[in-house]
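Structure first, then comments.
All ligand and atom numbering here is 1-based and tracks the order in the structure.
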Amino acid sequence: METIELTVEQMEHRVRKIKEKLGDLLYIPAHHYQKDEVVPFADDVGDSLQLAQLAARNQTAEYIVFCGVHFMAETADILTLPHQKVILPSLEAGCSMADMANIKQTEKAWTHLTELFGDTILPLTYVNSTASIKAFVGSHGGSTLTSSNAKKVVAWAFTQKERILFLPDQHLGRNTSYDLGIPLDEMAVWDPIFDRLEYDGDIEKIKIILWKGHCGVHQNFTVENIKHIRKDPDMKIIVHPECSFEVVQASDDNGSTNKIITTIEHAPSGSKWAIGTESNLVNRLKKNHPDKQIVSLNPFPCNCSTMNRIQLKDLLYALEKLEEGEVINQITVDKEIADNAILSLERMLNIK
Ligand code: 13P
Ligand code: SF4
């Protein structure tokens, strides 16, 4: 029977059967933003850091069917052994933020910036970036980071060099650096479209150069949303640090998807929360915590359309193909790129 003709229950049944049959040969990690129809079939659900750590640790699975976005599958491919195959159930599951920095732009920026600042800059990249950017960063002594370890990695970077080039999310870069005590007037923005540094003042003061990239989903949370929520003084607001500086400053707390989840888990019954992150996660938190009042900070749905590309039918199709002995949608990173990218990933994983 074609997958397309199956009911949801039949698809779920087949996924379970194939999982049972493949046993430890199959590992399904999923990001917290995945759809509810996919999450129950994951062996582990986590934030980007946890998923990278889990991929690095798993040496038994021959097939890693990654329910997340392309950069996460690339990271898993880099961190796993050569015989392990990473599969992305939908090749349309990209990340628009990762696509905001390509390697040509980065090399051009580096030439400009090193002409201006000499050998004083260390590049760092959010894991939400392509393998080529991770390789660039790795080969220049830098590290990847995620929203869970950003502070530690930025603090480490300043033990290495005077300045940081932070790719590709300006918001995570600004929010993290500010938390570490770097004032806004020591932060510049690199615009990769116009190849120019946006900064008013004496450039010698610059400590952080923020790549002008952002997440289209987190950009939807605004200070106006916060003003509206604050009409109820009992409401607490927690947002992801991919939100703008103004939104993060006006919130009560911010952190990775994992931090948002644990904060809500530990919150007292009856507490009220507005959450500024992707809708699948906010809706799941609402469902899992009926004793707490949870709303999205933005009343309109803020879905990550690329995370949502992976549907139950895509997962099933990838698994059915594996059952037939065919690997589809395999994500492989070119060896030369992987050899440099792993340097930046391992630096991150070793920063305690
Ligand atoms: P986390 O690392 O917090 O899971 O975030 C990943 C992501 O893509 C958020 O947009
Ligand atoms: Fe990328 Fe934003 Fe989607 Fe995260 S939420 S995967 S940063 S587009």
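Salt bridge annotation for Lys321-Glu324: present, with a cationic side-chain nitrogen under 4.0 angstrom from a carboxylate oxygen. A salt bridge links Asp185 with Lys205: the distance from a Lys NZ or Arg NE/NH1/NH2 to an Asp or Glu carboxylate oxygen falls below 4.0 Å. Note on Glu323 versus Lys19: no salt bridge recorded, every NZ/NE/NH1/NH2 to OD/OE distance being 4.0 Å or above.
A distance-only check finds no donor-acceptor pair linking the side chain of Glu74 to the backbone of Ile331 [under 3.5 Å]. Checking side-chain atoms of Arg16 against main-chain N and O of Phe41 turns up no donor-acceptor pair under 3.5 Å.
Shown in contact with Ser147 at under 4.0 Å from a heavy atom are these atoms of ligand 1, numbered in order with element: 1 (P), 2 (O), 3 (O). Of all atoms in ligand 2, numbered sequentially from 1 with element shown, those under 4.0 Å from a heavy atom of Glu242 are 2 (Fe), 7 (S). Counting atoms of ligand 2 from 1 in the listed order, those under 4.0 Å from a heavy atom of Tyr33 are 5 (S).
Counting protein heavy atoms only, atom 8 (O) of ligand 1 is closest to Asn128 ND2, 3.1 Å. Looking only at protein heavy atoms, the nearest one to atom 8 (S) of ligand 2 is Ser96 OG, 3.6 Å. Scanning the protein for heavy atoms near atom 1 (Fe) of ligand 2, the closest one is Cys95 SG, 2.4 Å. Looking only at protein heavy atoms, the nearest one to atom 6 (C) of ligand 1 is Ser48 OG, 3.2 Å.
The aromatic rings of His218 and Tyr33 sit tilted, their planes meeting at an angle between 30° and 60°.
Atoms CE and OG, on Met72 and Ser48 in that order, are 4.0 Å from each other to the nearest 0.5 Å. To the nearest 0.5 angstrom, Ile226 atom CD1 is 8.0 Å from Cys243 atom SG. Between the CG atom of Asn340 and the NZ atom of Lys335 there is a distance of 9.5 Å, given to the nearest 0.5 Å.
Any N or O atom pair closer than 3.5 Å counts here, and Ser256 shares no such pair with ligand 1. Of the N or O atoms in Asn258, none lie within a sub-3.5 Å distance of an N or O in ligand 1. At under 3.5 Å, not a single nitrogen or oxygen of Thr146, backbone or side chain, sits near a nitrogen or oxygen of ligand 1. At under 3.5 Å, not a single nitrogen or oxygen of Asp47, backbone or side chain, sits near a nitrogen or oxygen of ligand 1.
Residue contacts with ligand 1 for Val127 are absent, since no atom lies close enough (heavy atoms, distance under 4.0 Å). Of the heavy atoms in Glu242, only side-chain atoms (C-beta onward) come closer than 4.0 Å to ligand 1. Counting heavy atoms under 4.0 Å from ligand 1, residue His240 touches it through the side chain alone. Residue contacts with ligand 1, taken as heavy atom pairs separated by less than 4.0 Å, involve His31 solely via side-chain atoms from C-beta onward.
Ligand 1 has at least one atom lying under 4.0 Å from a heavy atom of His218. Ligand 1 has no atom lying under 4.0 Å from any heavy atom of Cys215.
Here His140 and Trp110 bring their ring centres to under 6.0 angstrom of each other.
For atom 3 (Fe) of ligand 2, the N/O/S atoms of Cys304 include one lying under 2.8 Å. At a cut-off of 2.8 Å, Cys215 is counted among the residues with an N, O or S atom near atom 2 (Fe) of ligand 2.
For the side-chain contact (heavy atoms from CB on, under 4.5 Å) with Thr106, the lone residue among Thr125, Val137, Ile133 that qualifies is Ile133.
Using a 4.5 Å heavy-atom threshold, the side chains of Leu319 and Tyr63 count as separate.
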